[in-house]
2 protein chains.
Amino acid sequence: MVEAEAVGVDLEIIVQGAHGRSKPELRLWLRMLSTTKLISQEIRRRLRAEFGATLPQFDLMAQLYREKDGLRLGELSKRTMVTNGNVTGLVERLEADGYVQRVTPQGDRRVTVAKLTEAGVTLFAAMAAAHEGWLQDMMADIDPDAVAALWSEIGTVKASANNHLSGAAFE
Amino acid sequence: MVEAEAVGVDLEIIVQGAHGRSKPELRLWLRMLSTTKLISQEIRRRLRAEFGATLPQFDLMAQLYREKDGLRLGELSKRTMVTNGNVTGLVERLEADGYVQRVTPQGDRRVTVAKLTEAGVTLFAAMAAAHEGWLQDMMADIDPDAVAALWSEIGTVKASANNHLSGAAFE
DNA sequence: CACGAACCTTTGACATTTCAAATATCTGCT
DNA sequence: AGCAGATATTTGAAATGTCAAAGGTTCGTG
């Protein structure tokens, strides 16, 4: 292949960006992403080690835990930010494990409602307590005021992102 | 798809429940997580729509772009925070598409080094430019000072989490 | 120089992920 | 009634993700 020197010039600029001189927004994003990944992986490891559960399962059960009457799969999909097809599989496996049960309500046979079983409630309660402890542990070195401030600041990030999605979304 | 009500529902609100009684650390975590997820999904959509690429591919190519001499797969694994086995498959597919090439160096036949091809460099340069623009766009509503401040604050979060991992890990 | 320990990557079994297409059901309008 | 269109879920293909075990390869030390 021919050496593309003309391209190389433009690329250098971008490379520089990737290194140290990038736009603040990009730097912020990369740091948010790596931090979130780091914490997520730690939580996943511990969920697996101590409860034999996965993070998506935990998330899904969290939703059902606060809706004792259960949730339609579509609702679950929105709340967990997971696609419909994915929810199907997740609920299937949780049902097979005995933590979730599926019901089709009288009025509308298109709908499937998932709710926690007794075993599911018990398991999730234990996981939730541990989960909260892990987070306090992992964030132990942060100034408490900074935690609250960050929560607020990240809210503006979220709002801004929400305002500039390509698809239609609002709030 | 013009739902009036359910669209506005927010992951955090659901998770935390009406009684915002959860610990600040948990609240912060949930907000970080949902925000990151929101932005990631948008980036993924756009990468797919405009370049036919996936986010993990973009991440992997970003690392290789910065190291013109290529990286060993283990190094790639660390930098992308992806497991070894996963890197194997990612590189395989990128190689099949002609964007990456694998070489086993002279000295050590255990090692595989991956590096971008010409086509890979060209593609990544285009994606990186777009990517940076998307982020500036999505973060357009945030006060510029806040962006820098957040970058710094999140650094302390990352450091704290890093300090309290169960396994041995570092930065 | 031989052998066990350490290192690097791949493989295999599963779970999760997305998107798009297919199913099934309900609703509104004629 | 009946049918088009909206809704809800499932299915299927492909990619990504983890972990654990298996393959080679190299290195240090007896």
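In what follows, chains are A, B, ... by sequence order, proteins preceding strands, each numbered from 1.
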Participant: Out of the candidates B/V91, B/N84, B/T83, only one should pair with B/V87 under the side chain to side chain contact (heavy atoms under 4.5 Å, CB included) rule; please name it.
Facilitator: B/V91
Participant: Does a salt bridge link A/E153 with B/R31, judged by any charged N lying under 4.0 Å from a carboxylate O?
Facilitator: no
Participant: If you assign each of A/K37 and A/G89 to its closest nucleotide in DNA chain D, which residue comes earlier from the 5' end?
Facilitator: A/G89
Participant: In whole Å, I'd like the distance from the CD atom of A/E75 to the C1' atom of D/dT7.
Facilitator: 14 Å
Participant: Give B/V82 one of three labels, base, sugar-phosphate or nothing, depending on what nucleic acid heavy atoms sit under 4.0 Å from its own.
Facilitator: sugar-phosphate
Participant: Rounded off to whole Å, could you give me the CG-to-P distance for the A/L73 and D/dT9 pair?
Facilitator: 5 Å
Participant: Expressed as a whole number of angstroms, how long is the span from A/L76:CG to D/dT10:P?
Facilitator: 11 Å
Participant: Is it the case that B/E42 and A/S166 place a side-chain donor and acceptor less than 3.5 Å from each other?
Facilitator: yes
Participant: Using chain A heavy atoms and a threshold of under 4.0 Å, write down where along DNA chain C the contacts begin and end, 5' to 3'.
Facilitator: C/dA15 to C/dC26
Participant: Using the closest heavy atom to pick a nucleotide of DNA chain C for each, name whichever of B/T112 or A/L90 lands nearer the 5' end.
Facilitator: B/T112
Participant: Pick the nucleotide of DNA chain D nearest each of B/Q106 and B/G85; which residue has the one closer to the 5' end?
Facilitator: B/G85
Participant: Is the phosphate of D/dC19 approached by B/T83 (side-chain N or O, under 4.0 Å from OP1 or OP2)?
Facilitator: no
Participant: Mind calculating the distance between CG (A/L47) and C1' (D/dT18) to the nearest angstrom?
Facilitator: 13 Å
Participant: Determine: side-chain N/O of A/R72 to OP1/OP2 of D/dA8, distance under 4.0 Å, yes or no.
Facilitator: yes
Participant: Find the distance B/D97:CG to D/dA14:P and express it as a whole number of Å.
Facilitator: 14 Å
Participant: Take the protein atom CG of B/L60 and the nucleotide atom C1' of D/dA15, then report the distance between them rounded to whole Å.
Facilitator: 13 Å
Participant: Is the base of D/dT7 touched by the side chain of A/R110 through a donor-acceptor pair closer than 3.5 angstrom?
Facilitator: yes
Participant: Salt bridge or not between A/K115 and A/E95? Use side-chain N to carboxylate O under 4.0 Å.
Facilitator: no
Participant: Check for me whether the distance between the ring centres of B/F51 and B/F58 falls short of 6.0 Å.
Facilitator: no
Participant: Is there side-chain contact between A/L55 and A/L47, with at least one heavy-atom pair below 4.5 Å?
Facilitator: yes
Participant: Between atom CG in B/N84 and atom P in D/dG24, what is the gap in whole Å?
Facilitator: 18 Å
Participant: Please indicate whether B/Y99 has more than 12 foreign heavy atoms, meaning atoms of other residues, nucleotides or ligands, lying under 6.0 Å from its OH.
Facilitator: no
Participant: Nearest-Å distance, CG (A/N86) to C1' (D/dA13)?
Facilitator: 15 Å
Participant: Checking all strands, does B/T88 fall into the base, sugar-phosphate, or nothing category for heavy-atom contacts under 4.0 angstrom?
Facilitator: base
